[in-house]
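Working notes, beginning with the structure itself.
Letters A, B, ... mirror the listed sequences (proteins, then strands); counts begin at 1.
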Amino acid sequence: MIQKIEETSKNDVINLSLDTIQIGKQALVFVNSKRSAEKCAEDVARKRPKDDSLNELRESALKALPKPTKQCERLANCIEKGIAFHHAGLHHLQKELIEDNFRTGKIKIICCTTTMAAGVDLPAFRSIIRDVKRFSQRGMDYIPTIEYHQAAGRAGRPGMEDFGEAIIICKDQEAKEEAIERYVHGEPEKIFSKLAVEPVLRTYLLSLIVSKITSSKEKVLEFFSKTFWAHHYQDMDELERIINKVLEMLKKWGFVEDKKSEFISACDINEEKLIATDLGKRISQLYIDPLTAYHLIKGLKNADKFVEDFQLLNLISNTLEMRPLLRVKVSEAENYEDFIAKHEDEFLMEIPNYFEHEYSAFLNSIKTTRMFMDWIDEEDENFLLEKYNIRPGETRYKIEKADWLLYGLKEISMILDIKWIIKELEKLRIRLKYGVKEELVPLLKLKGIGRVRSRSLFSKGIKTISELKKVDLHRLKDIVGDKTAVNLKKQVGQNEESKNQRL
DNA sequence: GGACGGTGAAACTTCAGGTTGCCTC
DNA sequence: GAAGTTTCACCGTCC
């Protein structure tokens with residue numbers, strides 16, 4: 001059935017969105033980048049009148065962060081017209097806000113990336129798939145059929161509507177035929193085992209040995225031969241070669257060792273036992289890729305009684321876990337290269353050769369490191385967005401990962417008995433978590449005190465716990481508010497409220 | 001004549017998502 | 001590969 005809609009603009013997404021609203025329904029628009037999601041939402045919003053009943057919602061979106069970023073403003077400006085964008089760069093509060101208000105019907109159109117296709121269950125009358133191609137390492141690739149199905153599956157609300165509409169936007173006849181062939185008639189892709197990815201294999205193999213599920217090379221091979229991976233791979237010789245290679249690495253790095261059986265039975269006369277070392281056990285518990293662990297250990301050994309924060313942050317930025325790293329633009333490269341030259345002897349890892357492929361990753365790691373440095377230097381999210389083009393949601397995600405790696409680094413230091421560095425790591429973790437300078441660390445031990453309050457206390461001269469004890473309750477109330485002030489006094493062992501009541 | 005603003009073409013840049021650990025009154 | 005952004009040349013207007 002061919003259905004005509006009103007064309008008020010050259011942009012099909014705008015026409016479809018406006019039509020959806022006009023017939024009293026909602027739509028999700030799927031695009032291939034965060035920037036597109038934002039722009040697309042703004043384009044639709046521009047064609048819509050402001051709705052005063054959405055003022056409160058607008059304010060909530062704006063106030064999700066202590067200080068609104070440009071992204072918050074853009075979102076708020078869309079929301080007041082019943083339109084929103086949704087992607088991984090949003091603060092989780094904003095994501096929830098958008099999802100909840102789409103469910104209640106206040107938000108009519110969401111322009112989103114794949115966050116919505118996979119993770120969130122938000123049905124709508126229309127699923128509009130604007131982009132069926134997405135950037136990949138090989139250039140632009142069609143999105144998998146399975147992903148199209150997930151997006152299209154959002155169309156139609158069970159129990160509320162008899163049907164839904166999934167629409168792919170095609171620029172010409174050729175694109176239309178391709179879309180029908182690939183997505184409407186196409187079979188979803190077969191599922192492949194992820195075990196074949198080396199970091200996963202390394203982690204998995206180590207955990208098998210740690211948990212004593214497989215205690216010899218033969219048993220390891222036997223175990224893997226029964227996996228889904230082997231089923232797909234079929235070539236057992238090649239499989240054996242890969243597993244052997246990984247096993248040798250684990251041994252070389254000191255996470256696994258061979259042990260000749262002391263009680264030789266008739267059946268396993270030549271069997272060498274595989275045993276995880278203490279270090280190997282801890283790494284497996286920490287769920288870090290063994291290669292990352294090896295890289296961290298090498299870095300720790302290069303540190304000599306004193307480390308700068310940037311050295312530690314750079315060490316963890318050069319791990320697979322931290323990827324994708326922030327990308328250095330052509331115009332920025334010189335600046336970061338200068339930084340490398342200036343600190344040449346200070347890195348805890350070897351700097352890749354300029355002509356090696358890894359050099360650009362190292363350059364990116366410097367940018368990521370400097371982003372963390374700015375964060376712990378108390379720059380706000382808007383500054384990070386402007387300088388590094390990293391959005392608040394991604395900033396939080398990166399910080400979480402960095403924190404986890406620093407925790408891993410601390411645990412490894414404990415096993416290796418490198419005691420002096422542990423305090424440094426603990427301090428850095430606090431600074432990274434809250435995004436503060438070192439001077440605020442003592443105040444952050446208190447409950448109810450974070451980045452903002454610790455800074456205002458500090459700037460009013462309250463810099464330590466003992467100074468907090470000395471300060472008058474009324475003055476404290478002026479700085480952090482009534483409830484927090486009382487709470488703080490309680491925490492430092494002064495129950496000021498009961499004292500006041502007694503007076 | 002110079003400052004300024006508007007316009008459009010060319011050059012340049014950038015491009016999804018998101019698991020894991022520990023502690024504590 | 002393509003959308004989106006930035007840069008730059010060009011032109012017209014105004015003081």
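Protein atom CD of Q150(A) is 18 Å distant from nucleotide atom P of dA16(B), rounded to whole Å. One atom, NZ of K329(A), and another, C1' of dG4(C), lie 13 Å apart when rounded to the nearest Å. With rounding to whole Å, K34(A) atom NZ is found 15 Å from dG4(C) atom C1'. Atom CG in L90(A) sits roughly 12 Å away from atom P in dG18(B) (whole-Å rounding).
At dG17(B), one or more side-chain N or O atoms of T113(A) fall inside 4.0 Å of OP1 or OP2 (strictly under the cut-off). Phosphate contact (OP1/OP2 of dC15(B), side-chain N/O of N389(A), threshold under 4.0 Å): present. Between dC22(B) and K410(A), no contact under 4.0 Å exists linking OP1 or OP2 to a side-chain N or O. Remark: K447(A) is not in phosphate contact with dC25(B), judged by side-chain N or O atoms under 4.0 Å from OP1 or OP2.
When each of dG4(C), dG21(B), dA16(B) is scored by its nearest atom to the side-chain atoms of R35(A), the top-ranked nucleotide is dG4(C). In this structure, of dT13(B), dA2(C), dC15(B), it is dT13(B) that holds the atom nearest to the side chain of V330(A). Considering only side-chain atoms of K39(A), the nucleotide from dT5(C), dG18(B), dC22(B) that sits closest is dT5(C). Here dG18(B) is the nucleotide among dG4(C), dG17(B), dG18(B) with the atom lying nearest to any side-chain atom of Y397(A). With dG17(B), dT14(B), dA16(B) as the choices, the nucleotide that has an atom nearest any side-chain atom of A88(A) turns out to be dG17(B). With dA3(C), dG17(B), dA16(B) as the candidates, the nucleotide lying closest to the side chain of T115(A) is dG17(B).
Along DNA chain B, the nucleotide closest to E411(A) and the one closest to V328(A) are compared, and the more 5′ of them pairs with V328(A).
Using atom P as the reference point in both dA16(B) and dA3(C), the two lie 15 Å apart (nearest Å).
Side-chain atoms of T292(A) do not come within 3.5 Å of backbone N or O of I288(A) as any donor-acceptor pair. Proximity of a side-chain donor or acceptor of N77(A) to a complementary backbone N or O of E73(A) within less than 3.5 Å is detected.
Under the 4.0 Å criterion applied to side-chain N and carboxylate O atoms, K70(A) and E386(A) are assigned as salt-bridge partners.
Centre separation under 5.5 Å together with a plane angle under 30° does not hold for the ring of W404(A) and the six-membered base ring of dG21(B), so they are not marked as stacked. A stacking contact links F135(A) to dC15(B): the aromatic ring centre lies within less than 5.5 Å of the base's six-membered ring centre, and the planes differ by less than 30°.
Backbone-only contact: N32(A) has heavy atoms under 4.0 Å from sugar-phosphate atoms and none from a base. The residue R130(A) sits close only to the backbone: its heavy atoms come under 4.0 Å of sugar-phosphate atoms, none of a base.
Nearest heavy atoms, C40(A) versus R130(A): CB-NH1, 4.5 Å.
In this structure, R182(A) fails the cation-pi test against Y148(A), since its NZ or CZ atom is not both closer than 6.0 Å to the six-membered ring centre and inside 45 degrees of the ring normal.
The partner of dG5(B) is dC11(C), judged by Watson-Crick or G-U wobble contacts that both fall below 3.5 Å.
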